[in-house]
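Have a look at the structure below, then the notes.
For reference, positions follow the sequence shown, starting with 1.
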Amino acid sequence: MEELEKSIGYKFKNRELIKTALTHTSYAYENNVESNEKLEFLGDSILEFISSIYLYEKYKTLREGEMTKVRAAVVCEKSLYRVAKKHNFSDFLYLGKSERLSGGEDRPAILADSVEAVIAAMYIDGGLEQAKRFIIDNLKQDIEVASKNVGQKDYKTVLQEKLQKNGEVEIKYTILKESGPDHDKTFKAQVECNKKKLATGEGKSKKQAEMEAARKALEEMK
């Protein structure tokens, strides 16, 4: 637990809380202990609340609908799974025998749920500020990327429609390169049509790089 506490940057006064936060229902059922389901429920609400405040205070130019889209893009299984992997939650999960045998420690839904439960455990043990620090530290980069993409025209869809207006073609996106540290990567993508290179693009996520490649391809076609 000390290793986990060091990674998440918080030392629990009540270690039972973090243990419960990492206890999957399969283990709870087999060992007649409390699972992390109730903590997960609370953590989900705290996560939405804190991310909403952060968006409201930091991104003044976003409209209500745009803030909703950004929050939905970030407060999701995919983002929380990345947080769990970053802090190696899979090493600390309490799973039942069958769940462990079937690779449950790497299942996105289980890991994402454990992040929500840990957030709730931090809130109960140390207050809202501790939970807020963990949430913002781990999701601010995703929020920044999502805020830049919100409302962005889907260039990939437009490109596909243009290329396929006379019949089916093979459109392929390839990530050519990724550079920079884990917390601030830059990706370079290439788009091809029937094996012919159309354009390349860069972005802070694979999706953003592909979108930029599609945008440039459309520019070339004008």
Side-chain angles (χ1 to χ4, degrees), residues 4-14 17-18 20-22 36-90 92-93 108-154 178 180-187 202-212:
L4 178 60
E5 287 176 334
K6 186 177 178 182
S7 181
I8 65 175
Y10 180 72
K11 189 173 178 63
F12 278 84
K13 295 184 281 289
N14 179 2
L17 273 170
I18 184 65
T20 300
L22 296 165
N36 63 4
E37 285 183 314
K38 286 174 69 177
L39 284 173
E40 177 203 330
F41 167 79
L42 178 59
D44 178 59
S45 298
I46 295 168
L47 187 55
E48 289 230 346
F49 175 60
I50 294 299
S51 58
S52 297
I53 291 174
Y54 183 75
L55 280 165
Y56 179 81
E57 291 179 345
K58 187 171 173 63
Y59 295 92
K60 303 288 188 183
T61 59
L62 290 182
R63 296 187 294 272
E64 183 268 339
E66 292 172 331
M67 287 195 293
T68 299
K69 286 179 181 178
V70 172
R71 187 181 63 190
V74 174
V75 181
C76 64
E77 184 179 288
K78 187 177 178 182
S79 293
L80 297 181
Y81 174 71
R82 284 201 298 270
V83 173
K85 295 298 286 183
K86 174 184 174 183
H87 296 289
N88 298 313
F89 277 22
S90 56
F92 307 100
L93 286 174
I110 289 176
L111 284 168
D113 289 348
S114 72
V115 172
E116 291 180 335
V118 167
I119 286 169
M122 292 175 78
Y123 163 70
I124 293 168
D125 192 74
L128 191 61
E129 279 304 310
Q130 293 297 335
K132 177 183 177 181
R133 179 197 54 75
F134 177 79
I135 291 166
I136 302 307
D137 283 354
N138 285 281
L139 292 179
K140 64 182 178 184
Q141 187 69 30
D142 287 351
I143 291 172
E144 178 68 15
V145 171
S147 71
K148 287 179 178 175
N149 291 335
V150 69
Q152 184 179 34
K153 191 174 181 181
D154 191 343
E178 55 181 88
D182 285 345
H183 68 278
D184 190 27
K185 280 192 176 297
T186 298
F187 297 89
E202 291 190 357
K204 300 307 289 183
S205 69
K206 291 179 182 179
K207 182 179 178 181
Q208 200 176 2
E210 290 175 355
M211 200 77 80
E212 181 62 11

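To the nearest 0.5 Å, atoms CD (E64) and NZ (K69) are separated by 10.5 Å. Rounding to the nearest 0.5 Å places CD of Q141 at 11.0 Å from CG of L139. Here the NZ atom belonging to K86 is positioned 7.0 Å from the CG atom belonging to D137, to the nearest 0.5 angstrom. With rounding to the nearest 0.5 angstrom, the CZ atom of R133 is 12.0 Å from the CD1 atom of I50. Atoms NZ and OH, from K132 and Y123 in turn, are 14.0 Å apart once rounded to the nearest 0.5 Å. Distance check, rounded to the nearest 0.5 Å: OG1 of T68 to CZ of R63 gives 11.5 Å.
Looking at L39 and I124, their side chains come closer than 4.5 Å, going by heavy atoms from C-beta outward. E116 has its side chain out of reach of F41: every pair of non-hydrogen atoms, C-beta onward, lies at least 4.5 Å apart. The closest side-chain heavy-atom distance from Q208 to F187 is not below 4.5 Å. Side-chain contact between Y10 and D125: present, with at least one pair of heavy atoms (C-beta onward) separated by less than 4.5 Å. Looking only at side-chain heavy atoms (C-beta outward), L22 and L4 come within less than 4.5 Å of each other. Between S114 and L93 the shortest side-chain heavy-atom distance falls below 4.5 Å. Put simply, the side chain of N138 reaches to within 4.5 Å of the side chain of H87, judged on heavy atoms. Side-chain atoms of I135 and F49, non-hydrogen and from C-beta on, never get closer than 4.5 Å to each other.
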Take R82 and D142 through the test salt bridge (Lys or Arg N to Asp or Glu O under 4.0 Å) and record every step on the way to the result.
CA-CA 10 Å; R82 284 201 298 270; D142 287 351; 2.9 Å; yes
Applying side chain to side chain contact (heavy atoms under 4.5 Å, CB included), run through F89 and L80 and close with a yes or a no.
CA-CA 11 Å; F89 277 22; L80 297 181; over 6 Å; no
Please walk me through it: do V145 and V74 pass side chain to side chain contact (heavy atoms under 4.5 Å, CB included)?
CA-CA 9 Å; V145 171; V74 174; over 6 Å; no
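At least one donor-acceptor pair closer than 3.5 Å links the side chain of S52 to the backbone N or O of E48. Judged purely by atom type and a 3.5 angstrom limit, R71 has no side-chain atom pairing as donor or acceptor with the backbone of L55.
Around the NZ atom of K185, the shell of radius 6.0 Å holds more than 12 heavy atoms that belong to other residues, nucleotides or ligands.
Between A21 and A117, the closest heavy-atom pair is O-CB, 3.4 Å. Across P108 and E77, no two heavy atoms sit closer than the pair CB-OE2, 3.4 Å. Annotation for T61 and E66: closest pair O-OE1, 4.1 Å, computed over non-hydrogen atoms.
Taking K204 as the reference, D184 meet the salt bridge (Lys or Arg N to Asp or Glu O under 4.0 Å) condition, with sequence neighbours excluded.
The aromatic rings of Y54 and Y59 sit perpendicular to each other, their planes meeting at more than 60°, with 30° as the lower class boundary.
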